[in-house]
Amino acid sequence: MEYEAVIGLETHVQLKTRSKMWCGCANQFGAPPNTHVCPVCLGLPGVLPVVNDEALRLTALTGLMLNSKISAHAKFDRKNYFYPDSAKNYQITQYDRPSTEGGWFEFEYDGAGSLDGLARVKITRAHLEEDVGKNVHFDRFSGVDFNRAGVPLLEIVSEPDLTSSAMAYEYLTSLTAALVREGVSDCDMEKGMVRCDVNVSVRPKGSQKLGAKVEIKNMNTFSGVRRALDYEIPRQMAVVAAGGAIPQETRRWDELAGITETMRSKEDAHDYRYFPEPDLMPFVPVDEWMNSVRSRLVEMPLALKKRLIREYGIPAGDAEVLTNDWPLADYFERAVRGAKNSKGVANWVINNLRARLVQRGCGLEDMRFPISGIGELVELVDSGRVSSKIAQEVFEQMFERGESPAAIVEHKGLSQVSDVGAIEEFCREVIVGNPKSAEDFRAGKPAALNFLKGQVMKLSKGKANPGMAGAVLERLLRG
Ligand code: ADP
Ligand code: ZN
Ligand code: MG
């Protein structure tokens, strides 16, 4: 009997707002403990929460991104539990009327279940809630930092459509890239902005019935998710194959040991006593509000990549590099306007411009040469006016002086020499200076011609048209 894995992910991302979800405290990572707190996010009695409008907008934006239905009547609920990191003893979340419902997310994935290298995962819902504080444990006591308490948190729940650890990894990577691109969240893993609950079960291959699921809680790296699944899936398969049953339970991933272990079984599941949050009105988006959210939607990474390939005919690898560096992609699209050789422009942007920027530690905004400069440089090479070696030099000058390539070629006299007379002179001089190589060539050693050609290039300081130099040398040597 063969088995297959079934995976559903609950992904929590901190929204990119200036202030917290219900109060005016800063939503800011890294401040000294308990410096961004107030009676509201400390859960003191008698305070009233006020909804952060930007958090609602970012949630709706995510819904648009994920092809979801944006609820016309989203409401908030209290989820009651006691834990030191939540001073209110409840969390405000959305229970039965989330802000968005349904939808799907498409991403690049080359594996089982993919179609033309793409996979589509259905989205159950995305709901808005608040983050909790952070417990910090010292030698003899523990403390709570409430700076994070009340930070807006969006939980994106997927359908159990994922079938492998690799697919889960790609989903998470692509989803967070899209969220960053849309300005929903910075998704900075180092700052704990993304956390994920991993639900996984196994079943006989082809079966429609879902097996009992195991939930691995609070994963904070994607590689951790992949490793945890690479442990958990074979574990479950082995149990089932041996005739055993997997109990529904919550497990913890032990990063050091590389194993999952039981945290709690279904029997000790919490009763959260959900009820509607009495201090907040349901949210009814009006058309004008929705339209202004819609106008913020920008092209998603996958769409950008596909379009770069289609529109400019550049290789997928180049499109990928540009997609992963959105300002560079934008620069490329402006630089390529009016250029004949878009592949050449992409090549220069990626291999020369990007490398130089990294080396110099400066940004695209520091570039002073005209936006059409790289296209013009490519054109100079393509038309044979400068050699590719000289082009590197011209580019250096463009970078340093902010001038157009034509101007640099002009006043530096870098134009490639394509004048037969001039090239003949170089060639004659080289033949006279290297009688041994000339003799070798005449004796039937073609490699000698390359050496002589190299000498012509050297003598002309790289300016001789290399194709012409070869042809002229050959003619003179044979003649
Ligand atoms: P809960 O109420 O315990 O959070 P849900 O049914 O809401 O459970 O599902 C939570 C997540 O678990 C979703 O991402 C869903 O796709 C996934 N899931 C549900 N059932 C299974 C299953 N049998 N195997 C794997 N994942 C599952
Ligand atoms: Zn506050
Ligand atoms: Mg859950």
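Residue numbers count from 1 along this sequence. As the structure lists them, so they are numbered: ligands from 1, and atoms in each ligand from 1. Keep in mind that the numbers below use all heavy atoms, side chains included, and drop hydrogens, waters and symmetry copies. Here the structure is a predicted model, which means the values were calculated and not measured.
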Under 4.0 Å from a heavy atom of [X]: give me the atoms of ligand 1 that qualify, with their elements.
{"X": "V6", "result": "24 (N), 25 (C)"}
{"X": "V157", "result": "13 (C), 14 (O)"}
{"X": "E159", "result": "16 (O)"}

Pairs of nitrogen or oxygen atoms closer than 3.5 Å, one from [X] and one from ligand 1: do any exist?
{"X": "E215", "value": "no"}
{"X": "N199", "value": "yes"}
{"X": "G211", "value": "yes"}

Inset, instruction - Return yes when at least one N/O/S atom of H36 is nearer than 2.8 Å to the Zn ion (ligand 2), and no when none is. - result: no
Inset, instruction - Would you please classify the geometry between the Y95 ring and the Y274 ring as parallel, tilted or perpendicular, with 30° and 60° separating the classes? - result: parallel
Inset, instruction - Look only at the side chain of E277 and the backbone of D279, and say whether a donor-acceptor pair between them is shorter than 3.5 Å. - result: yes
Inset, instruction - Could you tell me whether a side-chain N or O of S99 sits under 3.5 Å from a main-chain N or O of H127, the two making a donor and an acceptor? - result: no
Inset, instruction - Name the option, out of P160, S201, S158, that contains the heavy atom nearest to atom 13 (C) of ligand 1. - result: S158
Inset, instruction - Can you tell me, to 10 degrees, how wide the angle at the Zn ion (ligand 2) is between SG on C25 and SG on C23? - result: 110°
Legend entry - C38 atom SG and C41 atom SG as seen from the Zn ion (ligand 2), angle to 10 degrees: 110°
Inset, instruction - Verify the distance criterion only: is there a donor paired with an acceptor across the side chains of Q14 and N27 at less than 3.5 Å? - result: no
Legend entry - Pair S86, Q91: side-chain N/O donor-acceptor within cut-off below 3.5 Å: no
Legend entry - Contact partition for L9 relative to ligand 1, non-hydrogen atoms under 4.0 Å: backbone
Inset, instruction - Might you point out which heavy atoms bring A228 and M219 nearest each other, and give the distance in Å? - result: CB-CE, 4.1 Å
Inset, instruction - For P49 and V40, work out which heavy atoms get closest and say how close. - result: CA-CG1, 4.5 Å
Inset, instruction - State plainly whether the residues K306 and E108 are in salt-bridge range, i.e. N to O under 4.0 Å. - result: no
